[in-house]
Amino acid sequence: MLQPEQQPLSAAPVPSVAGPLLFWYDRHARALPWRVSPESRTAGTPPEPYRIWLSEVMLQQTTVATVKSYFARFVDRWPTVGAVAAAPETDILGEWAGLGYYARARNLHACAKTVTDDFDGCFPRTAAELRALPGIGEYTSAAIAAIAFDEPVAVVDGNVERVVTRLFAIEAPLPGARKTIRAHVAALTPDSRPGDFAQAMMDLGATVCTPTGPACILCPLRVHCRAATQGRAAQFPVKKPKAAPPERKGAAFVAVRPADGAIWLRRRARSGMLGGMSEPPTTEWSARADGATGAEAAPFAANWRYQGAVTHGFTHFRLELEVYRAELTQEPPIAGWWSNEAARGGEALPTLMRKVLDRALADPAEPRQSPKAQPRKRAG
DNA sequence: GAACCGTGGTG
DNA sequence: TCACCAAGGTT
C-alpha cells in the first residue's frame, strides 16, 4: 500500500544511476584489505567468500578504520573458514575483545562450524541460503551474495539508506521508510556488476554522501538527486527521535594476588550483556536508584578498598561501576581463574572491564578522573 | 515493530 | 560533555 509521503517508483531516476556510479567507482573505489580491485575483478579474480563474510560481520555497526586491524589479526591466525570452525570459542572471543557486539563472535563461530560441517567448507552462493546461517541477516546475506557471487540483489546498509533517501528526497522517517528504500535499491541494482554497484553505493555514502557536510559538488549522482537539487541533502535521512538512555549502577571487585599481580577473572553468562566474555566479579547492573554498591555487595569477604568509579556508555543505557580492590593470598571461593599480566592481553576482556582493571591497578597517586581504557595489549 | 546488544570517532 | 553515527542481527 502506497503511503502519501512515498513517491511512485516510476518517478525514480532508475536507468541513469548505475552507469555513472560504476564509472565513478572504477576511479574512486577505496582500497580495502578484503576487497578485490575493479581491475582485478574485471581480469577474473573473484573475491574470497571467507574474507567477504568475515569483513561483513566485523563491519556490522562498526567503522572501517576500527575493523582493519582486527581483520588482519583474524585472517593471519585463521586463514580459512575451516580454521575458524576448528578454534575454541574462547579464542574467537579473545580475538574479538574490544570490537563490541559479542554475539557476532559467537554467531561467527557457529556459522563457521555450519559451513564446515554441512556445506563441505564452501559458503552457499545465494542470499536466500546465506540468510539462514547464524549472524547473517538481510544486509549481510545480500552483500555476500552480490560481492562474492554476483547475485543481483538489493544491498541496503546505513550508507545506502542515506544515499537513497537523498536521491529521492524521502521525507518519511526511518526506520519506517525501510521498505520504500529497499524497493528503490532493487530497482536501481543492475544485472551486471551487482557487487560493484553495492560497494559503490557504500563507498559513495562513506566518502561523498556523508551524514554531515555531504560533498554534493563531487557526487556523480548530483544531477539525479532530488535533495541536492533542492539544496537539502544534509536534511536526509529523516529519523524518528530516540529517548535518552537510562542510567544503571553497580560494583566491580578486583582481587589481586600479591605474589605475581594476577587478577581473579570469571566468565559471564553466554546470553545477555557481554555474553561469554571475561570479567572481574561484578554485581548485577541495576537501575541507578537501587543498584547494589559498596563493599557489602562483594561476592566474598575481603579487605575491599574503594578505588574510584568508571562510567561506560552502552547502546541503551549508561553504566557507572564502583571499583573495589583487595589483595588475596588464597583462592577466592567462587568460580574463576587467576590471570597474570602476561596472560591478560589474550583474555576476552571487553573495553568496560579493561577500564575497571585500569582503575583498580592505577597508582593511587594518579588522578581518578581519566575514564579511558588503556589500549589493548596482546601477549605474543 | 521494538528492545536488546559495544565501541570509538566526531562535531 | 554529549549526541550522533558506523557495511546490523536476534528475539
Side-chain angles (χ1 to χ4, degrees), chain A residues 30 32-35 51-71 93 96-108 110-111 130-148 154-163 173-179 185 195 198-207 210-213 234 237 239-248 268-277 285 311-319 348-355 369 371-373 375-376:
Chain A
R30 288 178 291 176
L32 300 172
W34 46 86
R35 179 179 281 180
R51 293 167 70 91
I52 300 302
W53 163 69
L54 178 62
S55 66
E56 289 299 344
V57 173
M58 286 186 166
L59 285 162
Q60 290 166 5
Q61 296 291 287
T62 309
T63 58
V64 166
T66 300
V67 163
K68 279 183 177 173
S69 63
Y70 283 87
F71 180 83
L93 287 172
W96 202 274
L99 202 52
Y101 286 132
Y102 299 102
R104 291 186 295 174
R106 301 193 301 271
N107 286 329
L108 186 90
C111 182
L130 289 161
R131 179 72 177 78
L133 295 170
I136 299 185
E138 200 62 43
Y139 161 76
T140 306
S141 59
I144 298 172
I147 296 170
V155 179
V156 185
D157 75 330
N159 288 305
V160 176
E161 287 179 352
R162 187 169 54 256
V163 171
L174 288 171
R178 293 233 160 95
K179 204 169 159 187
V185 176
Q199 294 177 93
M201 289 284 277
M202 294 190 278
D203 275 23
L204 189 73
T207 64
T210 49
T212 61
K239 296 197 174 179
K240 204 170 135 184
K242 307 177 251 203
E247 306 229 357
R248 295 190 195 176
R268 293 178 59 83
R270 283 180 56 80
S271 62
M273 288 292 300
L274 310 177
M277 301 295 284
W285 309 340
T311 59
H312 193 74
F314 290 109
T315 308
H316 54 295
F317 65 90
R318 285 190 56 78
L319 177 67
L349 285 166
T351 297
L352 163 65
M353 299 307 169
R354 292 186 187 271
K355 284 189 192 177
Q369 276 73 358
K372 296 282 283 184
R376 181 156 183 213

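Chain letters run A, B, ... following the sequence lines, proteins first, then strands; residues in each count from 1.
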Q.
Please determine whether side chain to side chain donor-acceptor pair (under 3.5 Å) holds for the pair A:Gln60 and A:Tyr139, giving the CA-CA distance in whole Å, both sets of side-chain angles, and the decisive distance to 0.1 Å.
A. CA-CA 9 Å; A:Gln60 290 166 5; A:Tyr139 161 76; over 6 Å; no
Atom CG of A:Leu99 and atom P of C:dA7 are separated, to the nearest Å, by 14 Å
A:Asn107 CG to B:dC4 C1', in whole Å, measures 14 Å
Rounded distance in Å between the P positions of C:dA7 and B:dG11
15 Å
Closest non-hydrogen atoms of A:Gly98 and A:Thr351, given as atom of the first, atom of the second and distance, are CA-OG1, 3.8 Å
- Quantified in whole Å, what is the P atom distance between nucleotide B:dA3 and nucleotide C:dC4? 16 Å
So A:Gln199, base contact, sugar-phosphate only, or nothing? Heavy-atom distance under 4.0 Å. nothing
Nearest heavy-atom contact between A:Val155 and A:Val160 is O-CG2, 3.5 Å
- Item | is_close_aromatic(A:His312, A:Phe314), centroid dist under 6.0 Å | yes
Rounded to whole Å, CD1 of A:Ile52 lies from P of C:dG8 at a distance of 15 Å
**Item:** Sugar-phosphate, base or nothing in reach of A:Pro350, heavy atoms under 4.0 Å
**Value:** sugar-phosphate
> Above 12 or not: heavy atoms from other molecules or residues under 6.0 Å from CZ of A:Arg178?
Replying inline: yes
Original post:
When you check the phosphate oxygens OP1 and OP2 of B:dA2, does a side-chain N or O of A:Lys240 lie under 4.0 Å from one of them?
Top reply: yes
Regarding the side chain of A:Pro211, the nearest nucleotide among C:dA7, C:dC5, B:dC5 is C:dC5
- Using a cut-off of less than 4.0 Å, is there contact between a side-chain N or O of A:Thr63 and OP1 or OP2 of C:dA7? no
Note: for A:Thr212 and A:Gly313 on DNA chain B, the residue whose nearest nucleotide lies more 5' is A:Gly313
* Asked: Counting any heavy atom closer than 4.0 Å, what does A:Leu32 reach on the DNA or RNA strands: base, sugar-phosphate only, or nothing?
  -> base
A:Phe314 CZ to B:dG8 C1', in whole Å, measures 14 Å
A:Gln61 CD to B:dG8 P, in whole Å, measures 15 Å
Looking only at B:dC4, C:dA7, B:dG6, the nucleotide nearest the A:His316 side chain is B:dC4
ask   = So, is A:His312 near the phosphate of B:dT7, with a side-chain N or O under 4.0 Å from OP1 or OP2?
value = yes
On DNA chain C, more 5' by nearest nucleotide between A:Arg131 and A:Val64 is A:Val64
From CG of A:Leu352 across to C1' of B:dC5 the rounded distance in Å is 14 Å
Side-chain atoms of A:Arg104 come closest, of B:dG6, B:dC4, C:dG8, to B:dG6
* Touch class at under 4.0 angstrom, heavy-atom based, for A:Trp53 against every strand present -> nothing
- Item | base_contact_polar (C:dA6 base, A:Arg162 side chain, donor-acceptor, <3.5 Å) | no
Between A:Val57 and A:Arg104, the two heavy atoms sitting closest are O-NH1, 3.1 Å
Margin query: When the P atoms of B:dG6 and C:dT1 are compared, how many Å lie between them, rounded to an integer?
Written below: 25 Å
- Base, sugar-phosphate alone, or nothing: which one does A:Ser55 contact when heavy atoms must sit under 4.0 Å apart? nothing
Separation of C:dG8 atom P from A:Leu108 atom CG, nearest Å, is 16 Å
| Heavy-atom donor-acceptor pair, A:Thr66 side-chain to B:dG8 base, under 3.5 Å | no
Of A:Pro245 and A:Thr315, the one whose closest nucleotide on DNA chain C sits nearer the 5' end is A:Pro245
Taken to the nearest whole Å, CG/A:Asn159 to C1'/C:dG8 is 13 Å
| said: Strictly below 4.0 Å: does A:Thr351 bring a side-chain N or O up to OP1 or OP2 of B:dT7? | reply: yes
Checking B:dT7, B:dA2, B:dC5 against the side chain of A:Tyr101 (C-beta onward), the nearest is B:dC5
Winner on side-chain proximity to A:Tyr102, out of C:dG8, B:dT7, C:dA7, is B:dT7
- request: Assess whether one donor atom and one acceptor atom, taken from the side chain of A:Thr62 and the base of B:dG6, lie less than 3.5 Å apart.
  value: yes
A:Thr210 side-chain N/O to A:Ala206 backbone N/O, donor-acceptor pair under 3.5 Å: no
